[in-house]
Amino acid sequence: MKKYRSKYWKVGFILLFLCLVSISAERVSACDNPDHINEPEMNIEAYSSSFYGPNLDAPAAGEDAVLVPTRDNKKGIHGTEYRDDPKFADPDYMELGINHVVMNLYLDDFMNPNTPHTENNRYIYNGKEFYFNFDTYLQYYQLRIRELRQEGVAVTLILLMSNNFDPGISNLIYPGALDGTGGHYFYALNVFDPTANEQLNAAFDCLTRVLGKEDTFVQNWIVGNEVNMPREYNYTGTTDINVNTDLAATSFNMIYDALQRNNPCAKAYISYTCYWNHTDEGRGISTRAFLDRVVWKLGGREWNVAFHAYMPLFNYNMWDPMGRDWLSFEDDSQFVCAANLSVLTDYIKNNYGSEHRVLLSEQAFDANNGNAQQAAATAYLYYAAVRDDMVDGVMYTRWDDTENAVFNGSRLGFVDNDNNRRESYYVFKYMDTDQASQYVDKYLATIGIYQWDDIIIYGQNRLEPFKDVSDADWFYQSVVGNYKMKTMTGLTRTTFGPAQSISREQFVIILYRLENSPEVDYTGRFADVSSRQWYTDAVLWASEHSIVNGYQDGSGKFGVGDAITREQIAIMLRNYEKYKEHDVSASQDISEFTDADKVSDYALDAVQWAVATGMLQGKSNKSLDPRGPASRADTAAIMKRYLDIRDYV
């Protein structure tokens with residue numbers, strides 16, 4: 001897998017006269033120089049220490065500071081270019097609906113040994129004195145996070161250690177990584193050396209205190225980057241699983257314990273790659289093996305997963321033919337990305353519990369594959385995250401192309417270097433809005449699917465999530481047709497439930513979906529249909545148009561929860577046809593069926609019509625079973641015939 005990443009600084013004027021530094025991280029070619037660009041001096045003399053200082057005595061953030069995850073607040077991005085840089089800034093950035101921002105904090109800058117020994121940089125930990133870079137480094141984060149918090153944005157902070165070749169930093173890097181090769185992006189921490197461990201613990205204590213206040217609350221903390229790939233982004237000098245999981249577990253425990261002391265409402269995460277059962281040709285450790293091993297070493301702490309849901313190759317679309325060799329819905333899949341995200345989340349949920357949360361903390365798609373392809377992949381990832389109840393956020397890596405990335409052939413941004421907005425920009429902006437159908441749904445055709453939860457792995461059954469439906473089943477094509485039309489979905493994300501009965505309100509919802517779910521004002525039409533239930537609008541709509549009338553036994557009930565019978569389906573379908581002003585005069589003698597006399601008098605016309613049109617067919621024993629409960633497979637078959645007759649598909 002070709003990797004891309006670098007970091008750079010940009011200068012901007014923030015809060016009147018204060019000059020700060022903008023920080024960003026993105027994937028660029030491995031040929032890029034990972035070293036820091038020198039940051040400018042910042043003029044802070046005009047500001048009192050109470051304004052820009054660490055403010056350690058302020059109360060810690062409470063539960064009300066947490067952005068509670070819902071289906072509607074998962075969209076995020078790396079960096080703040082979308083709101084900072086005049087070249088790329090969207091004048092309507094507040095309308096982008098960004099809920100999460102990811103920022104990198106470099107420990108070698110914060111713990112710089114050349115930090116001036118001023119009172120404002122002094123920090124006391126366990127009775128010892130340390131000097132951390134508040135004045136010209138951490139101050140930026142405080143002010144930037146304040147701005148984001150005021151906008152309701154949740155902040156994720158990634159703590160990284162670079163090697164800036166300062167001798168005073170080398171003791172903080174794991175000794176095995178100081179092998180003379182150099183040139184690696186990020187390095188594992190020297191957590192086993194007592195002196196370095198004490199320094200790192202002091203830094204973590206300081207950071208979690210300063211960035212754990214109400215106005216500077218960092219909600220998600222990640223130490224290291226792609227720790228199961230120690231040859232690239234968390235360099236250790238070895239691929240030994242024991243060494244690397246020891247380093248990852250100890251580093252995680254240090255930040256977790258600091259958060260418990262100072263910022264207990266925040267969560268701590270471990271960063272993994274998309275290499276689920278793949279070792280990158282021996283250069284790393286599979287995520288699955290690493291996850292299982294490191295969990296065992298965490299000592300019961302509340303761990304979470306920061307996952308990078310990249311595709312196996314940047315010059316590859318998830319729906320391309322090569323995907324069948326790399327992607328599946330089984331635990332032994334080589335890779336996990338948006339196309340099979342449930343492999344990761346189901347594995348965590350089933351083996352460790354749903355309290356361990358997932359952030360899709362870094363991913364991007366290359367416009368070199370085509371602007372429409374980049375846009376389609378962007379949308380598919382987002383909707384995969386939205387429908388997965390284990391995922392709390394999805395953070396896209398690039399707002400804009402970087403010069404380094406373009407030089408090395410990748411174009412990952414939503415806007416390019418000439419400030420041209422790619423198609424993916426509009427997908428990103430509108431994919432979580434009411435305008436998604438206008439700006440986003442056209443890319444379904446790019447992938448070749450009908451809806452955003454269709455399977456896109458090449459050659460896979462479109463109904464792969466339904467583990468109880470196969471192409472050998474008599475009802476398979478019926479389920480496919482309804483699934484594509486969105487008239488019938490699954491009981492769960494993985495089961496259709498073909499043998500289960502369908503309730504009266506569930507069938508009404510099928511018809512309601514055919515009408516694009518119009519708005520309805522609530523009325524107490526039925527005694528058993530209260531307001532704000534998942535079926536309320538559908539039942540009231542159907543009643544308003546005489547598609548359903550409820551029970552005629554004097555109870556005033558619709559029959560919520562009651563299994564619908566085959567003859568009741570015929571009645572509702574015929575009434576729906578009347579509502580659509582279609583001809584319902586067709587009729588056929590049903591005496592050939594062995595149980596024709598079982599048809600209720602009030603249903604006879606509807607059953608004769610349904611048989612005449614072919615929507616209702618007899619069973620293998622020549623019976624109609626009119627009063628028998630309709631199974632979900634039966635209903636799918638009836639509705640597929642109806643959809644075919646009315647040329648819906």
Side-chain angles (χ1 to χ4, degrees), residues 3-12 20-28 32-39 76-85 98 100-112 132-133 136-145 147-148 153-164 169 172-173 184-189 200 203-204 206-208 210-211 216 218-227 229 232-235 251 255 266 268-273 306-308 359-364 393 395-400 402 404-405 412-413:
K3 297 279 190 171
Y4 306 83
R5 195 189 321 272
S6 74
K7 52 190 169 66
Y8 66 95
W9 294 82
K10 293 181 179 180
V11 180
L20 296 173
V21 181
S22 176
I23 303 171
S24 170
E26 65 278 351
R27 291 203 161 207
V28 298
D32 289 335
N33 183 357
D35 298 340
H36 291 291
I37 298 173
N38 292 332
E39 58 188 273
I77 198 165
H78 276 239
T80 55
E81 290 85 349
Y82 72 97
R83 66 191 307 286
D84 292 340
D85 194 309
I98 290 174
H100 299 266
V101 163
V102 180
M103 304 175 74
N104 289 348
L105 187 148
Y106 299 98
L107 292 170
D108 46 309
D109 284 334
F110 178 63
M111 303 175 70
N112 192 321
F132 300 129
N133 193 346
T136 60
Y137 193 70
L138 190 60
Q139 180 188 171
Y140 164 78
Y141 291 89
Q142 291 178 271
L143 293 173
R144 172 57 75 235
I145 293 168
E147 293 174 347
L148 294 170
V153 173
V155 177
T156 296
L157 197 65
I158 305 177
L159 304 181
L160 300 167
M161 177 65 73
S162 299
N163 186 357
N164 62 11
I169 292 295
L172 300 175
I173 296 174
H184 305 288
Y185 290 119
F186 310 120
Y187 292 77
L189 304 179
L200 290 164
F204 289 176
C206 176
L207 290 170
T208 55
V210 174
L211 302 180
T216 56
V218 171
Q219 182 163 323
N220 307 310
W221 295 73
I222 304 170
V223 179
N225 184 69
E226 299 184 353
V227 296
M229 287 292 150
E232 297 198 54
Y233 294 117
N234 197 63
Y235 188 67
S251 299
I255 194 66
Y269 295 76
I270 298 178
S271 172
Y272 296 99
T273 67
F307 190 74
H308 296 177
L359 282 179
L360 303 183
S361 58
E362 178 188 316
Q363 38 273 316
M395 290 77 156
Y396 293 86
T397 308
R398 291 304 318 149
W399 170 255
D400 58 291
T402 66
N404 282 334
L412 308 180

Query raised in the report: Is there a side-chain contact between Leu189 and Val223, using heavy atoms and a 4.5 Å cut-off?
Result: yes
Query raised in the report: So Leu207 and Leu138, side-chain contact (heavy atoms from CB on, under 4.5 Å) or not? Walk me through it.
Result: CA-CA 9 Å; Leu207 290 170; Leu138 190 60; 3.7 Å; yes
Report task. Specify whether Tyr233 and Phe186 have parallel, tilted or perpendicular ring planes, treating 30° as the upper limit for parallel and 60° as the lower limit for perpendicular. Result -> tilted
Query raised in the report: Do Glu362 and Ile158 have side chains that get closer than 4.5 Å, going by heavy atoms?
Result: no
Query - Ser361 to His78 - nearest heavy-atom pair and separation - result: O-NE2, 2.5 Å
Query - Heavy-atom side-chain proximity of Tyr187 to Asp108 below 4.5 angstrom - result: no
Query raised in the report: Does Leu107 reach the side chain of Ile169, with side-chain heavy atoms less than 4.5 Å apart?
Result: no
Query raised in the report: In chain order, what residues pass the side chain to side chain contact (heavy atoms under 4.5 Å, CB included) check against Ala154, with sequence neighbours excluded?
Result: Leu67, His100, Gln219
**Report entry** Note, Leu105 side chain near Tyr137 side chain (heavy atom, < 4.5 Å)
**Finding:** yes
**Report entry** Between CG on residue Asn234 and CE on residue Met161, distance to nearest 0.5 Å
**Finding:** 11.0 Å
Report task. Supply the atom-to-atom distance Ile77 CD1 to Ile98 CD1, rounded to the nearest 0.5 angstrom. Result -> 5.0 Å
Query raised in the report: Under 4.5 Å between any side-chain heavy atoms of Asn104 and Tyr106, yes or no?
Result: yes
Report task. Could you pull out the closest heavy-atom pair between Leu200 and Leu172, with the gap in Å? Result -> CG-CD2, 4.3 Å
Query raised in the report: Can you tell me how far CG of Leu148 sits from OG1 of Thr216, rounded to the nearest 0.5 angstrom?
Result: 11.5 Å
Query raised in the report: Between Tyr141, Phe204, Phe132, Tyr140, which is the residue that forms a ring-ring contact (aromatic ring centres under 6.0 Å, His included) with Phe110?
Result: Phe132
Query raised in the report: Can you tell me how far the CG atom of Leu159 sits from the OG atom of Ser251, to the nearest 0.5 Å?
Result: 10.0 Å
Query raised in the report: Do any N or O atoms from the side chain of Gln363 and from the backbone of Met395 form a donor-acceptor pair under 3.5 angstrom?
Result: yes
Query raised in the report: How many angstroms lie between atom CZ of Phe307 and atom CD of Glu226, to the nearest 0.5 angstrom?
Result: 9.5 Å
Query raised in the report: Under the side chain to side chain contact (heavy atoms under 4.5 Å, CB included) test, which residues partner Ala364, sequence neighbours left out?
Result: Tyr310, Thr397, Leu412
Query raised in the report: How far does CG of Asp400 sit from CD of Glu81, to the nearest 0.5 angstrom?
Result: 5.5 Å
Report summary line: Tightest non-hydrogen contact, residues Ser271 and Ile222, listed as CB-CG2, 3.8 Å
**Report entry** 4.5 Å side-chain heavy-atom contact, Val218 and Ile145
**Finding:** yes
